[in-house]
Amino acid sequence: RDALLMVDANEAWSPKEAIRRAHAYRDAGLQLYWIEDPCLRDDFAGLAQVCAAVPFAHINSGEYLDLRGKTRLMEQRAVEDEVASRQAAE
């Protein structure tokens, strides 16, 4: 039976490390569904880089950002729009 892998990096990785690890999980045959906080929540450029390089997994971050920060996440495509929209509504 197939299983989905959900990872919470807790802001521990650099964008480069997050991308490397995501591809390593996939290359090992794991189905990566979600990465939460792959790098610092206010590293908008880094999060956007991870989103672009890891299209096979959902990327989420910024749950502790204020509305302005969440808006920046969406504007810079640093998280998926659906995730950021849900968070902004909370």
**Pairwise distance CG(Leu65) to NZ(Lys70) - rounded to 0.5 angstrom** = 7.0 Å

**Request:** Could you check if a side-chain atom of Val7 sits within less than 4.5 angstrom of a side-chain atom of Tyr33, using non-hydrogen atoms only?
**Result:** no

**Request:** Look up atom CE in Met6 and atom CG in Asn60, then write down how far apart they are to the nearest 0.5 Å.
**Result:** 9.5 Å

**Request:** State the OG1-CD distance between Thr71 and Gln76, to the nearest 0.5 angstrom.
**Result:** 11.0 Å

**Message:** Whether the side chain of Asn10 engages the backbone of Ala12 through a donor-acceptor N/O pair (distance < 3.5 Å, no angle test) should be reported.
**Reply:** no

**Asked** Which heavy-atom pair separates Leu47 from Arg41 by the least distance, and what is that distance?
**Response** CD1-O, 3.7 Å

**Minimum heavy-atom distance Ala9-Asp37, with the two atoms named** = CB-O, 3.4 Å

**Message:** Just verifying a value: how many Å separate Trp13 CH2 and Arg21 CZ, rounded to the nearest 0.5 Å?
**Reply:** 5.0 Å

**Item:** Considering all heavy atoms, the nearest Ala22-Ile35 contact
**Value:** CB-CD1, 3.8 Å

**Complete:** One should read off an interatomic distance between Arg26 CZ and Gln31 CD, to the nearest 0.5 angstrom, of 11.5 Å

**Ion pair check, Glu17 and Arg20, cut-off under 4.0 Å** = yes

**Shortest non-hydrogen contact from Ala57 toward Trp34** = CB-N, 4.4 Å

**Prompt:** Checking side chain to side chain contact (heavy atoms under 4.5 Å, CB included) for the pair Phe44/Leu73: CA distance, chi angles, key distance, verdict?
**Reply:** CA-CA 6 Å; Phe44 302 114; Leu73 282 173; 3.4 Å; yes

**Atom pair CG/CZ of Asp66 and Arg72 - distance to nearest 0.5 Å** = 10.5 Å

**Prompt:** Can you say whether the rings of Phe56 and His23 are parallel (under 30°), tilted (30 to 60°) or perpendicular (over 60°)?
**Reply:** perpendicular

**Closest heavy-atom pair and its distance - Ser14, Cys39** = C-CB, 4.2 Å

**Joint cluster assignment, Val50 & Leu40, ILVMFWY side-chain distance < 4.5 Å** = no

